[in-house]
Amino acid sequence: MARAIGVVRPKTEQAGVRKGDRHQETANLLRRMILAGELAPGEPLREVALSEQFGTSRTPVREALRTLAAEGLVTLLPNRTVQVSHLDEQAASEVFTVLGALESLAARLACERMTPEQMEILSELQDDLEDYYASKDRPRYLEANRLIHELIVESSANAALILAWRLLLPRAERARHVSTLDHARWEAAFEEHKHIHRALLARDGRTVTKLMEDHFDNGAVSIKDAHKRARREERSRAYQAVLDKQDDAATD
């Protein structure tokens, strides 16, 4: 890898840690790094460097990379080359649409099935979300956000829905992280969460279903807008490069 990464190594050297645990721990760590932007799109991931960085053998790293490839976070290229995947705008938007449908249904069911204890935990997480938004602590905000969505889905008490959601979630998490880079979208999403929280407390299934649908629809639009801005900036750099070459030629 091009640089050292300041992360805590997995506990792979401790006695009694099973091979499968090492693979999962390594996958979790790499996933967090990709979602946080510590590993940039297109960055190569080399087994030897990663195994040295994490203090483990190459086998758990190789298996972790296969897991992340199945989730769409890394790309397996010819000659055993691996790199961090670029976010596919269209695919991310499609994933958000499906995930929004699942979470809208989950929220409606949660209105009926959420226990008093789960309601209390939901309010605690909402307080955390508000604190982290106020301090602009994006990593902790995103974790509180993830826990809120997870709690809502778990509270649906629908095993088939929960399974489908968990299978799809890894492909949506990266898009969710990207959407909060836009401050206007972050602010809007935070306000949306407050309305969703109130509707859940009121056990208003009809309202929370619509709010959750809108929440994901708005997130999908934000992802598309982010890619449009990125393309516009890329074109601007290309135009400037042409002008710089013309200026250099004129002065020669």
Side-chain angles (χ1 to χ4, degrees), residues 1-88 91-92 95 99 121 124-125 128-129 131-133 135-151 153-154 162-163 165-181 186 223:
M1 295 176 64
R3 64 183 187 281
I5 303 168
V7 297
V8 178
R9 292 184 177 184
K11 301 175 182 177
T12 53
E13 302 304 319
Q14 294 183 3
V17 177
R18 296 176 300 178
K19 178 181 177 181
D21 293 335
R22 294 173 181 172
H23 152 230
Q24 193 59 52
E25 191 172 355
T26 303
N28 289 341
L29 183 53
L30 281 169
R31 186 183 297 108
R32 287 197 299 269
M33 293 163 67
I34 292 171
L35 294 178
E38 295 177 40
L39 296 172
E43 183 165 346
L45 302 176
R46 299 183 175 88
E47 287 182 15
V48 173
L50 288 171
S51 63
E52 292 175 353
Q53 180 71 31
F54 298 159
T56 186
S57 67
R58 293 175 63 179
T59 299
V61 172
R62 186 179 304 118
E63 293 173 348
L65 291 174
R66 289 173 182 164
T67 296
L68 297 182
E71 296 175 0
L73 294 178
V74 305
T75 303
L76 305 180
L77 301 173
N79 301 321
R80 304 182 71 177
T81 302
V82 183
Q83 68 179 25
V84 179
S85 299
H86 291 273
L87 183 64
D88 185 318
V95 168
L99 198 70
I121 294 172
E124 292 172 358
L125 289 172
D128 290 344
L129 196 76
D131 289 342
Y132 296 141
Y133 179 78
S135 61
K136 296 299 180 283
D137 189 336
R138 183 171 170 268
R140 287 187 173 85
Y141 176 94
L142 286 168
E143 178 61 12
N145 178 77
R146 184 189 69 79
L147 291 172
I148 287 172
H149 283 272
E150 183 177 55
L151 177 61
V153 173
E154 293 287 350
I162 293 169
L163 176 60
W165 179 81
R166 289 198 177 280
L167 289 173
L168 192 62
L169 183 63
R171 295 182 179 273
E173 281 296 276
R174 191 176 182 194
R176 183 174 286 159
H177 279 61
V178 168
S179 69
T180 61
L181 293 174
W186 187 7
I223 292 168

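Fair warning: this is a prediction, and the values are worked out from it, not measured in the lab.
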Specify the closest pair of heavy atoms between [X] and [Y], including all atoms of both residues, with the distance to one decimal.
| X | Y | answer |
| --- | --- | --- |
| Val74 | Leu65 | CG2-O, 3.4 Å |
| Met33 | Phe54 | SD-CZ, 4.1 Å |
| Gln83 | Gly42 | OE1-O, 3.7 Å |

Point-to-point distance, once rounded to the nearest 0.5 Å, from [atom1] of [X] to [atom2] of [Y]:
| X | Y | atom1 | atom2 | value |
| --- | --- | --- | --- | --- |
| Leu45 | Leu73 | CG | CG | 10.5 Å |
| Arg58 | Glu52 | CZ | CD | 10.0 Å |
| Ser51 | Arg46 | OG | CZ | 13.0 Å |
| Arg66 | Leu68 | CZ | CG | 12.5 Å |
| Asp137 | Asp128 | CG | CG | 11.0 Å |
| Leu142 | Leu129 | CG | CG | 9.5 Å |

Are the side chain of Thr26 and the backbone of Val61 linked by a donor-acceptor contact shorter than 3.5 Å?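 No; zero donor-acceptor contacts below 3.5 Å.
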| Going by the angle between their ring planes, with limits at 30° and 60°, are Tyr141 and Trp186 parallel, tilted or perpendicular? |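 Because their plane-to-plane angle is over 60°, the rings of Tyr141 and Trp186 count as perpendicular.
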ask   = Should Leu30 and Leu50 count as side-chain neighbours, where that means a heavy-atom distance under 4.5 Å?
value =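 Yes, close enough: below the 4.5 Å cut-off.
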Quick one: salt bridge (charged side-chain N to carboxylate O under 4.0 Å, His left out) partners of Glu150, sequence neighbours excluded?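 Here the qualifying residues are Arg146, Arg166.
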